Trainee: 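Encoded as structure tokens, here's the structure I'll be asking about.
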Amino acid sequence: MVDGDTVWIDGIKIRIADIDTPEIGQPKCDWEFQQGIKARDRLQELMNSHPFEVKRVGSRDEDRYGRKLRILVSNGRSLGDQLVNEGLARTWTGRREPWC
């Protein structure tokens, strides 16, 4: 687990394509760091609590950092959407926006 929107699965680094979560590695403020920890921990909980599928979406396979762009789906629902509904992430719009 890297953070709330980037994970390692079977040795592959995956960027969850449908969400953006607060940064842990280079947060701009303490609030962003704390929310990032909550998002990471909740994603891990969701991934461990139910079986999920890793699905490719859109035409891009990787981001500019070489991470695979995928969504995680359990029982027909995106785990990213769950984080958005819980206030721990926002829907990815194609560009980063500040959290602080």
Side-chain angles (χ1 to χ4, degrees):
M1 184 76 50
V2 176
D3 59 26
D5 57 27
T6 305
V7 297
W8 286 93
I9 299 176
D10 297 330
I12 299 170
K13 196 171 191 178
I14 296 175
R15 169 66 165 86
I16 301 174
D18 59 345
I19 61 169
D20 182 38
T21 60
E23 295 299 320
I24 295 173
Q26 296 180 331
K28 302 288 189 241
C29 62
D30 189 54
W31 181 89
E32 180 176 17
F33 177 76
Q34 294 302 322
Q35 288 301 106
I37 295 294
K38 289 178 186 177
R40 180 201 65 197
D41 293 351
R42 179 63 174 140
L43 178 60
Q44 185 169 15
E45 182 180 310
L46 291 170
M47 290 173 67
N48 289 332
S49 65
H50 302 293
F52 64 90
E53 297 175 72
V54 179
K55 293 189 172 189
R56 184 175 173 173
V57 293
S59 59
R60 289 183 57 204
D61 184 51
E62 295 182 348
D63 68 6
R64 64 182 173 169
Y65 304 107
R67 300 175 295 187
K68 297 293 185 183
L69 295 169
R70 304 293 187 265
I71 61 170
L72 308 181
V73 178
S74 179
N75 295 320
R77 184 172 182 199
S78 162
L79 299 185
D81 284 347
Q82 175 104 17
L83 291 177
V84 170
N85 290 339
E86 293 178 14
L88 297 171
R90 59 182 163 220
T91 301
W92 178 248
T93 61
R95 66 173 212 241
R96 286 206 168 290
E97 297 189 29
W99 287 95
C100 301

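In this text, all values refer to a predicted model and were calculated from it rather than measured experimentally.
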Trainee: Let me check something: do Leu46 and Val54 share a hydrophobic cluster, defined by ILVMFWY side-chain heavy atoms less than 4.5 Å apart, either directly or through other members?
Mentor: yes
Trainee: Measure the NE2-CD distance between His50 and Glu45 for me, rounded to the nearest 0.5 Å.
Mentor: 9.0 Å
Trainee: Any salt bridge linking Asp18 with Arg90? Criterion: basic side-chain nitrogen under 4.0 Å from a carboxylate oxygen.
Mentor: no
Trainee: Would you find a donor on one side and an acceptor on the other, under 3.5 Å apart, between the side chain of Arg67 and the backbone of Ile12?
Mentor: no
Trainee: Could you see if Ile19 belongs to whatever hydrophobic cluster contains Ile71? Use Ile, Leu, Val, Met, Phe, Trp, Tyr and a side-chain cutoff under 4.5 Å.
Mentor: no
Trainee: Shared ILVMFWY cluster between Val2 and Leu69, side chains joined below 4.5 angstrom?
Mentor: no
Trainee: Can you tell me how far the OG1 atom of Thr91 sits from the CG atom of Asp81, to the nearest 0.5 Å?
Mentor: 6.5 Å
Trainee: Identify the two heavy atoms, one from Pro22 and one from Gln35, that lie closest to each other, and give their separation to 0.1 Å.
Mentor: CG-CB, 3.7 Å
Trainee: Please check if the side chain of Arg77 supplies one atom and the backbone of Gly80 the other of a donor-acceptor pair under 3.5 Å.
Mentor: no
Trainee: Rounded to the nearest 0.5 Å, what's the gap from CZ on Arg40 to CD on Glu23? Could you check?
Mentor: 13.0 Å
Trainee: Taking Asp63 for the side chain and Tyr65 for the main chain, is one N or O donor matched with an acceptor at less than 3.5 Å?
Mentor: yes
Trainee: Evaluate the side-chain contact (heavy atoms from CB on, under 4.5 Å) criterion for residues Ile16 and Leu83: first the C-alpha distance (whole Å), next the side-chain angles of each, then the deciding distance (0.1 Å), finally the verdict.
Mentor: CA-CA 11 Å; Ile16 301 174; Leu83 291 177; 5.9 Å; no
Trainee: For the side chain of Asp5 and the backbone of Thr21, is there at least one donor-acceptor N/O pair under 3.5 Å apart?
Mentor: yes
Trainee: What distance do Arg56 atom CZ and Arg70 atom CZ have between them, rounded to the nearest 0.5 Å?
Mentor: 5.5 Å
Trainee: Minimum heavy-atom separation for Lys55 and Glu53, please, with both atom names.
Mentor: CE-OE1, 3.6 Å
Trainee: Linking I/L/V/M/F/W/Y whenever their side-chain heavy atoms sit closer than 4.5 Å, directly or via other members, would Leu43 and Trp92 fall into one cluster?
Mentor: no
Trainee: Just checking Gln26: does its CD atom have more than 12 heavy atoms from other residues, nucleotides or ligands closer to it than 6.0 angstrom?
Mentor: no
Trainee: I'd like to know if Leu79 and Ile24 are part of one continuous hydrophobic network [Ile/Leu/Val/Met/Phe/Trp/Tyr, side-chain heavy atoms within less than 4.5 Å].
Mentor: no
Trainee: May I have the step-by-step check of side-chain contact (heavy atoms from CB on, under 4.5 Å) for Phe52 and Val73, ending in yes or no?
Mentor: CA-CA 5 Å; Phe52 64 90; Val73 178; over 6 Å; no
Trainee: Kindly compute the distance separating CZ (Arg42) from CD (Gln82), expressed to the nearest 0.5 Å.
Mentor: 5.0 Å
Trainee: Nearest heavy-atom pair of Pro51 and Ser74: which atoms, and what distance?
Mentor: O-OG, 2.9 Å
Trainee: Check Trp31 against Trp99 and note the closest heavy-atom contact, atom names and distance.
Mentor: CZ3-O, 3.5 Å
